[in-house]
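For reference, the structure is listed below as structure tokens.
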Amino acid sequence: MSTVRTRFAPSPTGYMHIGGMRTALFNWLWARHNGGQFILRIDDTDQQRNIDAAIGPILGAFRWLGLDWDEGVEVGGPHGPYFQSQRGELYRAAAARLLDQGLAYLCYSTPEEIAADRAAAEAEKRQYVHLRRSLDLTESQLQQYQEENRPHVVRFLMPRDEMIVIDDLIRGRVEFDPNLISDPVIMRADNTPLYNFATVIDDAHAEISHVIRAEEHLSNTPIQLRIHEALGHTPPLFAHVPYVAAPGTKEKLSKRKLDKYRNNPQFKRLFDRADEVFPKIGLEGSAGLDPVMVEYYERMGYLPEAMVNALARLGWSLDDKTEIMSRQTIIEHFTLDRVIKSPAGLDPDKLLSYQVHWMGELSGVEKLDACLPYLTAAGYVNDPPDQAVRQFVGRLIAALADRLKVFSDIVDYDEFFVADDALQYDEKAFEKRITKTDDAVELLTKFRSVLETVEPFDAANLETALKAFVEEQSTNMGRIIHALRIAVTGKPAGPGMFDCLELLGRERCVKRIALALARVS
RNA sequence: GGCCCCAUCGUCUAAUCCGGUUAGGACACCGGGUUUUCAUCCCGGCAAUAGGGGUUCAAAUCCCCUUGGGGUCACCA
């Protein structure tokens with residue numbers, strides 16, 4: 001039994017797409033499930049200028065999600081280098097071999113000639129297939145061209161004799177007619193390789209056992225299969241996973257359609273949230289980080305556990321009911337035969353429900369450490385936060401409980417950090433609960449005096465005090481508690497009222513009530 | 001357009017390979033309960049085999065056609 005070796009080979013584009021991440025995850029999962037290796041290679045056949053900036057966010061996404069790689073960029077390994085741009089010799093040698101054996105040929109057809117051939121075919125309503133004109137060149141012509149240094153590419157000579165059969169691990173048996181496939185260019189005129197060629201060399205060289213990739217590569221597979229054979233490789237097994245669709249659609253999720261997604265009801269909420277949260281923490285908003293990127297979720301404060309759980313469930317299931325799965329559980333059960341064939345739309349609501357679950361597994365300290373950076377970035381607390389801040393935020397997080405769904409939610413609770421006279425009020429709620437509730441002012445005024453004497457000033461004791469107060473005034477909780485909440489926090493919703501009071505402390509509560517009272521008149 | 005892939009609740013999916021389920025679960029939504037608010041939590045409800053032909057005692061499941069969606073046809077990856 002040979003080892004399972006999978007790979008993910010992103011091009012250095014500077015961002016990590018959600019769909020690509022899901023494909024990477026499946027590769028990683030399959031390797032881990034089988035105790036094999038996962039390789040991270042960079043497909044930069046086009047020379048890249050700022051490679052570090054271009055791969056940084058990609059590696060960052062892998063690290064965030066905890067997808068480690070056994071060989072590849074940064075970690076090295078026995079099959080390096082792991083940048084295609086540094087493997088030129090390998091490709092040139094392979095091309096030379098193919099040329100020697102007559103399995104590839106120099107193609108001198110100019111782009112104009114090819115365009116003309118294509119136009120002619122179209123005019124006759126015939127399917128265009130590359131004409132192999134250069135095969136008809138005489139020995140002397142070839143020699144002459146070579147002496148002239150005439151520009152040429154190398155084309156792989158597609159064997160036309162039999163149907164190409166792919167036994168795809170996900171899609172089953174798929175057949176292609178080679179007579180319909182043009183001889184692919186494998187080396188450009190500048191002697192650099194094309195993807196279809198480079199990937200074959202690299203996969204074989206790295207002894208990749210399973211090529212798990214997006215289904216748009218299915219039509220490249222017959223070519224790659226034949227190139228593998230021509231080179232004498234045992235081809236890897238192929239598994240083509242469906243693409244990830246935009247929420248509620250069957251359309252492939254694409255960064256080029258961002259503007260359209262702003263009108264997608266589910267995505268719209270994510271964009272809006274980005275515009276709300278990111279500027280507060282010194283980022284650009286949805287124009288800089290959008291929900292097609294993995295980084296969006298990281299910056300927003302989603303948990304890697306939630307993301308992995310959600311991504312794994314996109315096109316794969318464990319059984320008929322298991323939804324919540326840890327990384328270990330997923331690794332244990334992940335198999336390619338349970339990957340579905342049809343595209344799946346990312347569902348932000350479902351992602352959030354996983355998030356709520358995994359957030360619930362965290363300890364207070366873990367939440368604290370994750371929330372603090374948001375508060376310092378927003379300027380709500382000192383940087384670095386001192387012990388008093390840590391303690392206060394820790395208590396706030398405890399009071400927030402399940403209300404904190406993603407870490408960045410913490411910046412919504414500015415009322416616990418701003419100066420009393422800078423408190424923002426929800427005007428509608430203020431009006432309803434204070435201005436237009438006839439005895440609110442009176443009750444607030446009286447209860448303020450009570451607050452001045454409550455000792456100790458903690459939630460339990462405050463609750464007792466308020467109950468006694470309500471009884472004494474022959475009123476009910478509802479008459480005062482809402483008014484109190486608005487007066488003290490400015491908002492109609494939030495943590496338990498008594499927790500809010502305790503958190504703020506006597507002095508601030510008393511002052512805020514006075515401030516609110518002053519607003520009425 | 002050629003070639004290839006796909007098709008179950010609004011969404012993610014189970015059951016499809018190997019025909020027999022009241023077509024199951026989750027998210028969302030709606031209703032109820034818990035809660036001082038919000039959030040959580042608990043209970044209940046709504047809701048699907050794209051259409052048409054076959055084969056069969058029996059079809060979501062096998063076959064064919066139609067329709068719809070998607071991918072791909074580069075000196076991109």
Could you give the distance separating B:rA15 and B:rG25 at their P atoms, to the nearest angstrom? 15 Å
What is the distance, to the nearest angstrom, from the CD atom on A:E122 to the P atom on B:rG2? 13 Å
Under 4.0 Å protein heavy-atom contact, by nucleotide of nucleotides 24-31 of chain B - B base, S sugar-phosphate only: BBBSS---
On RNA chain B, check which nucleotide each of A:L314 and A:F498 is closest to and give me the residue with the more 5' one. A:L314
Specify whether A:Y413 and A:F416 have parallel, tilted or perpendicular ring planes, treating 30° as the upper limit for parallel and 60° as the lower limit for perpendicular. tilted
Between B:rU36 and A:R479, is there an OP1 or OP2 to side-chain N/O distance shorter than 4.0 Å? no
Is the distance between the ring centroids of A:F334 and A:F26 less than 6.0 Å? yes
Grab the CZ-C1' distance between A:R171 and B:rA7 for me, whole Å please. 12 Å
Sidechain N-carboxylate O distance under 4.0 Å for A:D177, A:R160: no
Can you tell me if the side-chain N/O atoms of A:R188 get under 4.0 Å from OP1 or OP2 in B:rC76? yes
Which nucleotides of nucleotides 37-48 of chain B have their base under 4.0 Å from a protein heavy atom (B), which only their sugar-phosphate (S), and which neither (-), written as one string 5' to 3'? BBSS--------
Could you tell me how far B:rG31 sits from B:rC38 if I compare only their P atoms? Round to whole Å. 14 Å
Picking from B:rA14, B:rA77, B:rC3, the nucleotide nearest the side-chain atoms of A:F176 would be B:rC3
Flag the pair A:H217 / A:Y195 as yes when their ring centroid distance falls below 6.0 Å, and as no otherwise. yes
Base partner of B:rG1, which must satisfy Watson-Crick or wobble distances under 3.5 Å: B:rC73
For B:rG19, which nucleotide is its Watson-Crick or G-U wobble mate, given both distances must be under 3.5 Å? none
Can you give one letter per nucleotide of nucleotides 62-72 of chain B, going 5' to 3': B for a protein heavy atom under 4.0 Å from the base, S for sugar-phosphate only, - for none? -------SSSS
Separation of B:rC75 P from A:Y91 OH (nearest whole Å): 19 Å
